[in-house]
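Contents: one structure, followed by commentary.
Throughout, residue positions are numbered sequentially from 1 according to the sequence presented.
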Amino acid sequence: MSLRRKIIICVGMTTLCMLSLLYFISERALLRNYEQMELESLRENVKQNLLSYFDEYTNLGAIAINYAGWDDTYNFMVRPTIPTNNDPYLTVNYTDSLFMSSRLNITLLMNNRRQVYFGKAYDYGKNEPLAYPSAFIHTLQTEYASFIEQSDASSRKMGLLLVDKQPLIATSYPILTSNNEGPVHGTLVFARFLDSNYVQYISEKTDLPLSISTVDPSFTAPVQATTVTVSRNRAIPFWTESDKTTITGFSLLTDVNNKPAVLLKFVKPRALYKEAQRSILFYLFYFGLSGLVFFFIISCVLQRTIFARLNRTINGMNVIKTKQDFSIRIQESGKDEITQLEKSFNHMMTSLEQSQDEIQYQADHDNLTGLTNRKAFFEYLEKIIKHGQLPSRFAVIFIDLDRFKLINDTMGHHTGDLLLIEVAGRLRLCIKEGEFLCRLGGDEFCIISHNVHDYNQIEHLAKVIKEAINVPYDIDGYRATISASIGISLYPDHGKDSESLLHHSDMAMLDVKESGKNNYRLYSESIEAIRTRRMLLEQYLKCAIDNDELTLHYQPKLDLARNQIVGVEALLRWTNRQLGHVSPYEFIPIAEYSGIINEIGEWIMRSACRQFIAWRKQAVNMPLIVAINISGVQLLQPNFVERIRGVFAEEEVDPCHFELEVTESFAIENFEEVINILLELRNLGFLISIDDFGAGYSSMKYVCQLPIQCMKIDKTLIDQLADNIRSQVVVSSLIEMAHRLQLTVVAEGVELPEQLRILQTYRCDQIQGFLISKPVPASRIIEMLNSSDLIQVPETK
């Protein structure tokens, strides 16, 4: 027998034995293991599904605790009578959007006597209200009475309910104050139906089909049932049924009374078992075919080895020449002269490829941070839009660093470059694999995020980016803190081309910049309309002084002890020829952001000085102090004190007749910068007043240190003075504290005689508001000063 035949017989027998052994192992061991793996996989999937189910209780509880532990809810429930459905607390806080965003179906507010103060049902799947939940309320008060009993602040309940054979998950929280203090004034109940919307939500969340059915309270799990342990060591009965195509798992859930209520059914195809069978047959076929091919390989090795290698080398060179692709390499094999030729050629291709890659890298990347640049950004965006390489929706996230220019100017460009490198590194950690990050230029970065199933995902990513950038930086011994303004646009909602998407995300970012920075915003048409309006207002505002469109109105301040007007507050008014009257609440922030406020502020000072001189000519002994509001932007301008000194010197007016008002929130936020400036202004003779006290921080520590002479109590405290005991306590305490600090107290926004009477009882020094007069033109002030019956101040007891 020839050696060739012997080799063929040996190889054939060896292959046959290996195939037989492989089939035996696969049939007796592997398939059974695969079957067991499917069961374990289903058990893990069921566990994940149950965890997702119980997470809904936590989610519902997180929503409920925000409302149950809230002073407004507490105050609403202490009312002796049931409020109407149009009560402000209800219309503001229990809107349809709450039910939609929180996936709520039923909300109840009940007092301790189980009286329903408010009840509402809503179908968030169809976005429409449901009928009043009478059946739900009746079932709670009868079958689940213990569920709504809240004995103390720590009693919180959640669980499964059955109402008319309709399963719900619900949570019951005691109604307390924001400080988690009692006594308990009722119960807040939030509920969510286990309907088709919920089943679809859980199924999509865990990628396992789920169906829900109610069972009779007498239902029991079969004897072969085991348990699945989920959170808090909770054991859920679990059993399975299987056939050749599917495995079906069942779990039994109980209601809050620990009675069987709901049966969960999970169906999973036996894909793993079928795939194992197919794989075994494939490999058996593969090894059989390999045995046949093996003979031909052996017989051709010697004849074809040399020539095949030479042909492969030549063909490889031709492919590189044709495709002009320097990344292609010739396969190297052996240790002879042909191998040396292949190695030399491949080395030459490596050098050419490195040069080509370096040129391409420099064209598409930022040299400082190593990120892709603006050119690569547009190429990538055009590519994914044109070829549809991403899902139907994706987001363009525009990131602009706040205060970077200040750091660059104060610490130097080298420090600024190191800061940009650090920011780029943090942004890399924020994105997922496959998402696109680039530096557009300067301190602007951009991310293309693929995971846009809903806005919550983009909002989460924006929050992660904002928090990552907000963490302080330690650069060459310097500690720097910056923030980011983030704008977001979605494809195709906000544009179907790269220019539109980038432009709209840039507009959303600029809107964040103008609204206080350090935030994120999704582009909308309203942003574009608002920005257009802002640009128009800014354009007209620049010419307002030259066009003589600005005027000052004055609101009197009444001294309660003397029943005499002792001061006025200068308030700016703007009437544009095209736009008509523009509210100060609209144009003042624009003036501050654009810097026009500095020019307008100087105009206000000069106008107020000239008006004061005019009043003095009409009433020589006029005991009037003119108050002027100072913007924080003005106050922090370089040489502000010298500029204001120059204005009053040129107008020849003594600063002692003027009061400068600074808002409480700004003064405390910028305490270290403001205190010395205010001290210099006071030394010039100005009266210094802290405005809107009580609306912001109200920190006694800072008030004691600021060089102020007057405290103006904010209108929000005065509004509730007549019918709110707490407001009365706060206002009386503030007045007494201010008097002990030798400060003059002015109450703003006094509109009712009862407010005036109480303020007089508290020995408030001055009042200001519509009860005395609205802001009026300057010509009315002298008339009001000479009026003897401006207002009748009640006598104090």
Should D96 and K120 be marked as a salt bridge (charged side-chain N to carboxylate O under 4.0 Å, His left out) after you check the CA-CA gap, both sets of side-chain angles, and the distance that decides it?
CA-CA 10 Å; D96 293 351; K120 182 175 180 180; 2.9 Å; yes

Can you name the closest pair of heavy atoms from [X] and [Y] and give their distance?
| X | Y | result |
| --- | --- | --- |
| H494 | S489 | ND1-CA, 3.5 Å |
| L176 | E181 | CB-O, 3.4 Å |
| N85 | T91 | O-CG2, 3.8 Å |
| I397 | I486 | CG2-CG2, 3.5 Å |
| L188 | A64 | CD2-O, 3.3 Å |
| D691 | E661 | OD2-OE1, 3.3 Å |

Side chain to side chain, [X] and [Y], heavy atoms closer than 4.5 Å:
| X | Y | value |
| --- | --- | --- |
| L109 | I175 | yes |
| P753 | L771 | yes |
| Q766 | K712 | no |
| F147 | N257 | no |
| I106 | V189 | no |
| Q728 | Y762 | yes |
| V163 | L140 | no |
| R114 | I137 | no |

Among Y67, Y122, F76, ring pair (Phe, Tyr, Trp, His ring centres under 6.0 Å) partner for Y94
Y67

Assess the residue pair I169 and M158 against the criterion (side chain to side chain contact (heavy atoms under 4.5 Å, CB included)); give the C-alpha distance rounded to whole Å, side-chain angles, the decisive distance to 0.1 Å, and a yes or no.
CA-CA 7 Å; I169 62 171; M158 56 183 64; over 6 Å; no

Distance (rounded to the nearest 0.5 Å) between [X] [atom1] and [Y] [atom2]:
| X | Y | atom1 | atom2 | value |
| --- | --- | --- | --- | --- |
| R757 | L721 | CZ | CG | 9.5 Å |
| R534 | D511 | CZ | CG | 5.0 Å |
| T214 | D255 | OG1 | CG | 11.5 Å |
| T58 | F54 | OG1 | CZ | 10.0 Å |
| D723 | Q755 | CG | CD | 9.0 Å |
| Q720 | I725 | CD | CD1 | 12.5 Å |

Tell me whether the NZ or CZ atom of R103 lies within the 45° cone about the ring axis of Y201 and under 6.0 Å from its centre.
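Yes, a cation-pi geometry holds between R103 and Y201.
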
Walk me through whether N629 and E569 qualify under side chain to side chain donor-acceptor pair (under 3.5 Å).
CA-CA 8 Å; N629 290 285; E569 181 178 357; 2.8 Å; yes

Walk me through whether L759 and I718 qualify under side chain to side chain contact (heavy atoms under 4.5 Å, CB included).
CA-CA 9 Å; L759 289 169; I718 303 303; 4.3 Å; yes

Check: [X] side chain, [Y] main-chain N or O, donor-acceptor pair, under 3.5 Å:
| X | Y | value |
| --- | --- | --- |
| S178 | D71 | yes |
| D714 | T716 | yes |
| T95 | V92 | no |

Does atom NZ of K259 have more than 12 heavy-atom neighbours, drawn from other residues, nucleotides or ligands, at distances under 6.0 Å?
no

Other residues, nucleotides, ligands: >12 heavy atoms within 6.0 Å of R79 CZ
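Atom CZ in R79 is crowded, with more than 12 foreign heavy atoms closer than 6.0 Å.
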
Between [Y] and [X], is there a side-chain donor-acceptor contact under 3.5 Å, judged purely by atom types and distance?
| X | Y | answer |
| --- | --- | --- |
| D400 | S485 | no |
| N86 | T84 | yes |
| N470 | N518 | yes |

Verify side chain to side chain contact (heavy atoms under 4.5 Å, CB included) between S155 and D152, making sure each step is shown before the conclusion.
CA-CA 6 Å; S155 60; D152 53 42; 3.8 Å; yes

Parallel, tilted or perpendicular: ring planes of Y89 versus W70, cut at 30 and 60 degrees
tilted

Applying side-chain contact (heavy atoms from CB on, under 4.5 Å), can you list everything that pairs with D123, at least two apart in sequence or on another chain?
K126, E128, L130, N197

